[in-house]
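A short write-up of the structure that comes next.
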Amino acid sequence: MADQIPQESGARIATRIDISKPGLTREQLYFIRHIEVEQLKKKTQMLRTRNVVTGLAIGAIVVGIYGYTFYSVSQEKIMDEMDEEAKRARLQGPKTGAN
């Protein structure tokens, strides 16, 4: 159905204008260019919005990973403290030939 050529209409708005025709007036060419520019502005605005949302999502993921990394490193300090306590306990324990 999409490959069918639309039937000619008597309505002025629904008629297709062939740009390659040499018989187009300056007004028609100006109108065509104006409509194309408006459509381009609309499409770029939609793309800009989509790009901003995507950038914010990626930024949020990066900040989340960065924050989680700092949180994990701060948890490692607890493990270091536990290792220090175990080391002190071994040093204060009785000396045997196995130590």
Side-chain angles (χ1 to χ4, degrees):
M1 185 164 233
D3 58 347
Q4 294 178 354
I5 299 173
Q7 297 177 357
E8 289 297 322
S9 171
R12 180 179 163 102
I13 296 174
T15 57
R16 291 181 180 245
I17 298 174
D18 187 13
I19 297 176
S20 62
K21 273 188 181 178
L24 294 177
T25 64
R26 277 194 155 165
E27 286 182 1
Q28 289 173 332
L29 289 173
Y30 176 77
F31 180 72
I32 291 170
R33 287 188 186 115
H34 178 70
I35 296 299
E36 287 175 348
V37 167
E38 291 298 321
Q39 288 175 347
L40 182 64
K41 285 180 184 177
K42 185 177 179 182
K43 286 181 184 179
T44 54
Q45 182 63 32
M46 288 175 23
L47 283 174
R48 187 174 296 125
T49 303
R50 191 177 302 158
N51 288 344
V52 167
V53 169
T54 303
L56 289 174
I58 291 172
I61 290 171
V62 168
V63 168
I65 291 171
Y66 190 71
Y68 178 74
T69 302
F70 271 109
Y71 178 74
S72 297
V73 169
S74 68
Q75 293 296 321
E76 287 181 13
K77 290 180 183 176
I78 294 172
M79 296 302 293
D80 290 340
E81 290 174 5
M82 291 176 64
D83 289 340
E84 289 294 325
E85 288 178 15
K87 193 178 201 182
R88 275 188 249 127
R90 274 187 282 158
L91 292 175
Q92 291 176 356
K95 299 289 183 187
T96 63
N99 289 351

Using the rule side-chain contact (heavy atoms from CB on, under 4.5 Å), only one of Ile61, Thr54, Leu56 pairs with Ile58; which is it?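 Checked Ile61, Thr54, Leu56 against Ile58; only one passes side-chain contact (heavy atoms from CB on, under 4.5 Å): Thr54.
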
State, with a plain yes or no, whether a side-chain heavy atom of Lys43 is found less than 4.5 Å away from one of Met46.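 Heavy-atom side-chain distance check fails, nothing below 4.5 Å.
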
Any heavy-atom pair between the side chains of Glu36 and Leu40 that's under 4.5 Å?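 Not touching, per the 4.5 Å side-chain cut-off.
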
Take atom CD of Glu38 as the centre, draw a 6.0 Å sphere, and report whether it contains more than 12 heavy atoms from other residues, nucleotides or ligands.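 Above 12, so yes.
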
Parallel, tilted or perpendicular: rings of Tyr30 and His34 (30°, 60°):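 It falls in the parallel class, under 30°.
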
